[in-house]
Structures are given as structure tokens and as C-alpha cells.
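Encoded as C-alpha cells, the structure appears first; notes follow it.
Being a predicted model, the structure only gives us computed values, none of them experimental.
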Amino acid sequence: MDHDATRTGILDAAEELFYGQGIQAVGMDAVRTASGVTLRRLYQYFPSKGDLVEAYLLRRDERWRDELAAHVGAATADPGGQLLAVFDWLADWFAQPAFRGCAFVNAFGELGSTAPAVAAAARHHKDAFAAYLAGLADTAGAPPATAAHLALLAEGAITAAAVRGDATPAVEAKAAARVLLRAAGV
């Protein structure tokens, strides 16, 4: 297995385990077993569990935002419709069998006070998502505060969906977003 494929395999295994079971509940030996590499090889790629957690979060952030942007871009060319398409994408995500809420909130809840890199990754993810919404809102001609309001609706929907175990919060948040956008003249 080449370097990139080995690293990807380790990160795939770590993501499934960390997101599915929690970071603190999963040891490096479990990641080693799931990835099929030796413990020595695992530590060559990621010298500590903290390094592995940080790499998992950074990769997840990039993939999550790329998938969201691809969905929104393909949904419609209408800027206001793109803002609403964010909530459609959230509904699809919430309906996935493996959905366990926001990986960044989960990681921050577990480790944020003791792991500055985890806290920084969570902040980066939330800031990047808010910036993405701000760009969409600006293109739609909405006042700047609209993006912050939409971000709060989306974040609340993510948390509610994780707790409730269904995709309904995305539908409810989309309805609220529609009212907000109408009030903003979009």
C-alpha cells in the first residue's frame, strides 16, 4: 500500500470509530485493527492520538464543506434558493443511518477544554461554515446579519436532529429560514 493510501485508510478507520463511538472511547489499538496497519506504522503516520484526531477533524471539515457546496451549487442558480438548499442538504445528512450530530461539537464536548488543537479545529469549522453562509447571503442581497441568523438555525437543527434522531429539524429550520429571508427582502 502506498503512503497516501495507507494514510487514507487510517483516517477512514479513525473517522468511522471516532464519529461513531466517540474519541475518548476509541484507542489507537482499535484504529490499528480497523485500518489493518501495525501499531508501529500507525504511529509513523500519526505520532500521537492527538495528531490523528486533528487530522481526522481537518479532513472531515474539508469534505463536509465541499459536499455542502456541491449540493447547493447543483440545486439552483437562484441565490435565495441556494440559502434554502443548505437546509435540504442538512436534511439528507440527518437522514443517514450513521448521523451522530456535528463531529466538531462532539469532539469539542469531549476534548475542547484540554486539547487546543481540537478547539481550534471546531472553531475553524464553525467559522468557515458561517463564512460560506455569509457569501451566499451577500450574493442574495441579504443584510449581513442574515447569515449569522441562518447559521444559528442550521447549528440548532444539527443539534436537534442528533438528539431527536430524525431529519425533521432541517425541515423546521428551512421554514424559519424562509421567513427570515422574506423579512430580509430576499
Side-chain angles (χ1 to χ4, degrees), residues 1-72 86 89-90 92-135 147-148 150-165 167 169-170:
M1 200 184 272
D2 72 12
H3 176 79
D4 289 341
T6 300
R7 187 176 194 282
T8 297
I10 292 168
L11 285 170
D12 288 347
E15 181 167 3
E16 183 175 335
L17 293 167
F18 291 159
Y19 185 68
Q21 298 175 26
I23 294 168
Q24 291 181 340
V26 174
M28 291 295 270
D29 195 52
V31 175
R32 176 201 56 81
T33 300
S35 65
V37 300
T38 65
L39 203 53
R40 178 183 169 137
R41 173 68 96 202
L42 175 59
Y43 280 110
Q44 286 174 339
Y45 283 90
F46 302 99
S48 71
K49 184 176 178 182
D51 293 327
L52 179 57
V53 169
E54 185 177 1
Y56 143 68
L57 290 172
L58 292 175
R59 185 179 80 150
R60 186 171 179 97
D61 167 61
E62 185 176 311
R63 189 173 56 246
W64 189 92
R65 290 186 298 113
D66 287 350
E67 289 173 8
L68 171 62
H71 172 87
V72 168
V86 168
W89 183 83
L90 290 174
D92 291 344
W93 178 39
F94 300 166
Q96 293 176 6
F99 175 72
R100 286 199 61 245
C102 177
F104 301 90
V105 169
N106 295 347
F108 185 83
E110 282 191 75
L111 303 170
S113 65
T114 60
V118 169
R123 276 191 291 280
H124 169 76
H125 175 73
K126 297 304 179 186
D127 290 346
F129 178 52
Y132 174 71
L133 292 176
L150 292 170
L152 288 172
L153 284 172
E155 295 294 346
I158 294 167
T159 301
V163 171
R164 289 167 44 179

Hey, are the side chains of [X] and [Y] touching, using non-hydrogen atoms and a 4.5 Å cut-off?
{"X": "Phe94", "Y": "Arg164", "value": "no"}
{"X": "Phe129", "Y": "Leu68", "value": "yes"}
{"X": "Glu155", "Y": "Lys126", "value": "yes"}
{"X": "Leu52", "Y": "Val31", "value": "yes"}
{"X": "Asp12", "Y": "Arg59", "value": "yes"}

Shortest non-hydrogen contact between [X] and [Y], atoms and distance:
{"X": "Ala103", "Y": "Leu57", "value": "O-CD2, 4.1 Å"}
{"X": "Ala25", "Y": "Glu110", "value": "N-OE1, 4.5 Å"}
{"X": "Phe46", "Y": "Met28", "value": "O-CE, 4.0 Å"}
{"X": "Ser35", "Y": "Gly9", "value": "CB-O, 3.8 Å"}
{"X": "Ile158", "Y": "Phe99", "value": "O-CZ, 3.8 Å"}
{"X": "Asp92", "Y": "His71", "value": "OD2-CE1, 4.2 Å"}

So how far is it from [X] [atom1] to [Y] [atom2], rounded to the nearest 0.5 Å?
{"X": "Glu67", "Y": "Glu62", "atom1": "CD", "atom2": "CD", "value": "11.0 Å"}
{"X": "Leu39", "Y": "Arg32", "atom1": "CG", "atom2": "CZ", "value": "6.5 Å"}
{"X": "Gln21", "Y": "Arg100", "atom1": "CD", "atom2": "CZ", "value": "8.5 Å"}
{"X": "Thr6", "Y": "Leu11", "atom1": "OG1", "atom2": "CG", "value": "11.0 Å"}
{"X": "Ser113", "Y": "Phe108", "atom1": "OG", "atom2": "CZ", "value": "7.5 Å"}

Checklist line | Worked check of side-chain contact (heavy atoms from CB on, under 4.5 Å) between Val72 and Tyr132 | finding: CA-CA 11 Å; Val72 168; Tyr132 174 71; 3.2 Å; yes
Next item on the list: Run the numbers on Leu150 and Val86 for side-chain contact (heavy atoms from CB on, under 4.5 Å), then give the verdict.
Entry: CA-CA 10 Å; Leu150 292 170; Val86 168; over 6 Å; no
Next item on the list: Keeping the roles fixed (side chain from Tyr19, backbone from Gly101), state whether a donor-acceptor pair exists under 3.5 Å.
Entry: yes
Checklist line | Donor-acceptor under 3.5 Å (Thr114 side chain, Leu111 main chain) | finding: yes
Next item on the list: Please step through salt bridge (charged side-chain N to carboxylate O under 4.0 Å, His left out) for the pair Asp4 and Arg7, ending with a clear verdict.
Entry: CA-CA 5 Å; Asp4 289 341; Arg7 187 176 194 282; over 6 Å; no
Check: Taking only residues two or more places apart in sequence, or in another chain, which ones meet Gln44 in a side-chain contact (heavy atoms from CB on, under 4.5 Å)?
Finding: Arg40, Arg41
Check: Angle class for the Trp64/Trp93 ring planes (parallel below 30°, perpendicular above 60°, tilted otherwise)?
Finding: perpendicular
Notebook entry, point to check: Of all residues at least two apart in sequence or in a different chain, which pass the side chain to side chain donor-acceptor pair (under 3.5 Å) check with Asn106?
Noted result: none
